[in-house]
Asks: 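My questions will all concern the structure given below.
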Amino acid sequence: MDQEKGDDSDSQTNDGRLHWKNYYKHLLLLAYQSFGVVYGDLATCPLYVYRSTFYGRLHDFQDEETIFGAFSLIFWTFTMIPLLKYVFIVLSADDNGEGGTFALYSLLCRHAKFSLLPNQQAADEELSTYYRPGYASRSIALSPLKRFLEKHKKTRTALLLVVLFGACMVIGDGVLTPAISAVVVIISCIVLVGLFALQHRGTHRVAFLFAPIVIIWLLCIGLIGLYNIIHWNPRIYLALSPSYIIKFFKVTGKDGWLSLGGILLCITGSEAMFADLGHFTAASIRVAFVTVIYPCLVLQYMGQAAYLSKNVSSVPISFYASIPQAVFWPVFLVSTLAAVVASQAVISATFSIVKQCLALGCFPRVKVVHTSRWIYGQIYIPEINWILMVLCLAVTIGFRDTTLIGNAYGIACIAVMFVTTWLMALIIIFVWQKNVFFALLFLVFFGIIEGGYLSSSIMKVPQGGWAPLVLASVFMAIMYAWHYGTRRKYLFDMQNKVSMKWILTLGPSLGIVRVPGIGLIYTELVTGVPAIFSHFVTNLPAFHQVLVFVCVKSVPVPYVPPDERYLIGRIGPRAYRMYRCIVRYGYKDVQKDDYNFEDHLVMSIAEFIQMEAEESRSSISCDGSPDGRMAVIRTSERRSGLVVRDADDEAPGVSISARSSKSETLQSLQSLYEHESPNLTRRKRVRFELPQSPQVDPQMREELATLVEAKEAGVAYVLGHSYIKARKNSSFIKKFVIDVAYSFLRKNCRGPSVALNIPHISLIEVGMIYYV
């Protein structure tokens, strides 16, 4: 027996070692990949920091003490912002592994009523991914600040605009990244086209290709920096003291303040660590930064300063001049490749941000491709990829002076960081539930540092700084116009819901002929019956015997577990055979083309019918409420009264002979469509049967039989083709936003039927005009 206990102990020890071995192996693999995706931008900053810092009026202060002061500024800025703020604090504010400004916004929306779309439900808060362990729920006492922000719609709108501005600045940052590091325009353009053409292969494949380039680059510049320190001026270590910063400003005065726009470039790409978090993990990004990025870049900045302190005239070409002659051309080649790879960080960040905007109703519908089976957050968006490529090429060709590009680049970076600082202050109060003092400490400390850089960068708006502001304004206008139009449409549906009293007066037949089949009516409402349903009833002579109001809804969480995706409820009495299904997705969830929604829906409704029947045995009323409660149907706990079999199998059971409501011609067309569609042929075809158990409740058995018969007869998807127009008495701005901007975006984005993966052969579209 003792021997058996010993064997069990050894087995557990070995399992534990294997677990940790796999964990560290996976961690190091992700850390390696992060070099090619996250750190390309940050790693190439030494190419232009000193050149941009000493450009302009600071040209007259090129002496050893000023160079020491500039390095001290670079060192402490690089330590305070990327290391202290992002690596140790901001990365801890991830939204279930996701990062970026919209991840912070979704966290805030879950812990306070900041969202402008009123489609949140109490059931959403029961999701396992809604609150992270250690995050407090919204049940705590409301603070005065929280009440103020929730009460006033203008403050919530302002918060959304700030978030959109930060997201758009990340996109503007991505457009400017390749331009500032371009050495030869033609070569850079060719390589850029190749870079964007590789994106469809997926982030993990691009990372494996680019990571060696960035790692070789970092080791090169780290060793060169160490060589320059030893060879030119070992006294440079004295500049690690912040006293040199005070001396720097005493000597340079206002000119030193204006030069902060150049110093700022040493931390460009820091936001990518947080924005690209969904592609990797916080631990892998921290490991890569602390072990390789930070020491190599500090050595390079220190070595460059040591070289410049003895070769002041080389400031305009400081990086290339500091390279030892023996290794110049190999390093030059690696630097050219690394400069182009730098844009990968922001390309990946842009994909993540656009996907988040799309799910939260702030971006037109675009195609999202999930590129990795193992790493959930790695995605590719074709339309955004090619738009970015065109903009990058335009900036690379159009801007010739890299100093002007540096001015624009600096504004884009510091604006995003400033937005993140303000959002983090709110996260500390509302999400982490810390004392307001800690939020103010964070806001004041980092706000003063970033405010100084922002004030310096704003002075350079006429000298190229206008570029990211224009780009951000265009993207921000697109995002807000789409969000405004979506919100107005939802509010119209909310205000014009069909009265349940009117539906009940129609009777179980709804005043029309009920034919075999299931009718799936798509709506954005989570409660009530949409106005478009009365349009169907009054204009169509017949409707399906089973009606399901389907709402595909985005929840402000990164992903919803498949086990918690479906919310099922009943509309009206049992005899009406009307149900509601809410399908919940997170902002990082990707709907798969081969997902058999119909079978899952039927099983979920059958599960709900059985659950309701069991509950009704212990209650007085069993006929259902006009718009009853919603129940989470867990797919892992299937216990419905239906038997699922392969469509080709013949097995004993209660056979349901269904007559289809479709004509023979339409049925043959559907068979042809299913045969030719690659997505449908991958789906497993099943059929449902009723068990022969005599213990089944008669009412439940009758309802399940109706459901199975309707499923065998066929499923039709009913979708409202809505046209939104502003009312005649609306203001000019509102008419322009709704009638021009939103209408243009709606006509040129993906159709809702495509986005929802609805088969065209089963689609019924009914037009309706919304006057908002």
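On a predicted model such as this, the values are computed, not experimentally measured, just so you know.
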Asks: How long is the straight-line distance from CZ of Phe248 back to CH2 of Trp257, given to the nearest 0.5 Å?
Replies: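 Reported value, rounded in 0.5 Å steps: 13.0 Å.
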Asks: Listed by chain and number, what are the side chain to side chain contact (heavy atoms under 4.5 Å, CB included) partners of Thr77, not counting sequence neighbours?
Replies: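 Per chain and number, Thr77 pairs via side chain to side chain contact (heavy atoms under 4.5 Å, CB included) with Ile81, Ile263, Cys266, Ile267, Tyr453.
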Asks: Sub-3.5 Å donor-acceptor pair from the side chain of Tyr39 to the main-chain atoms of Ala272, do we have one?
Replies: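 No, Tyr39 side chain to Ala272 backbone: no donor-acceptor pair under 3.5 Å.
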Asks: Once ring pair (Phe, Tyr, Trp, His ring centres under 6.0 Å) is applied, do any residues pair with Trp232, and if so which ones, sequence neighbours excluded?
Replies: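 Here the qualifying residues are Tyr307.
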Asks: So which of Ser322, Ser314, Ser318 actually passes side chain to side chain donor-acceptor pair (under 3.5 Å) with Gln304?
Replies: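 The single option meeting the side chain to side chain donor-acceptor pair (under 3.5 Å) with Gln304 is Ser318.
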Asks: Give a yes or no on whether the backbone of Gly69 and the side-chain of Ser72 come within a donor-acceptor separation of less than 3.5 Å.
Replies: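 Judged by distance alone, no pair lies under 3.5 Å.
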Asks: Look up atom CG in Leu223 and atom CG in Leu218, then write down how far apart they are to the nearest 0.5 Å.
Replies: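 With rounding to 0.5 Å, CG (Leu223) is 11.0 Å from CG (Leu218).
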Asks: Has Phe328 got more than 12 heavy atoms of other residues, nucleotides or ligands less than 6.0 Å from its CZ?
Replies: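 Correct, the count exceeds 12.
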Asks: Quick check for you: to the nearest 0.5 Å, what is the distance between Leu440 atom CG and Phe442 atom CZ?
Replies: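 So the gap between those two atoms works out to 12.0 Å.
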Asks: Can you sort out the partners of Ser473 under side chain to side chain contact (heavy atoms under 4.5 Å, CB included), two or more places apart, ordered by chain and number?
Replies: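 None.
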Asks: Can you tell me how far the CZ atom of Arg110 sits from the OH atom of Tyr105, to the nearest 0.5 Å?
Replies: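 Arg110 atom CZ to Tyr105 atom OH measures 13.0 Å (nearest 0.5 Å).
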Asks: Would you say Ile67 and Phe54 make side-chain contact, with heavy atoms under 4.5 Å?
Replies: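 When only atoms from C-beta onward are counted, Phe54 and Ile67 do touch, with a gap below 4.5 Å.
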Asks: Enter the distance from Ile229:CD1 to Ile224:CD1 here, rounded to the nearest 0.5 Å.
Replies: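 The CD1 atom of Ile224 is 12.0 Å from CD1 of Ile229, to the nearest 0.5 Å.
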Asks: Looking at Glu98 and Ala103, would you say the former's side chain and the latter's main chain have a donor-acceptor pair under 3.5 Å?
Replies: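 Absent.
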Asks: Report yes if the side chains of Ser270 and Phe78 come closer than 4.5 Å at any heavy-atom pair, otherwise no.
Replies: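 The answer is no; the side chains never approach within 4.5 Å.
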Asks: Flag the pair Met417 / Leu454 as yes when at least one side-chain heavy-atom distance between them is below 4.5 Å, and no otherwise.
Replies: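 No, too far: nothing below the 4.5 Å cut-off.
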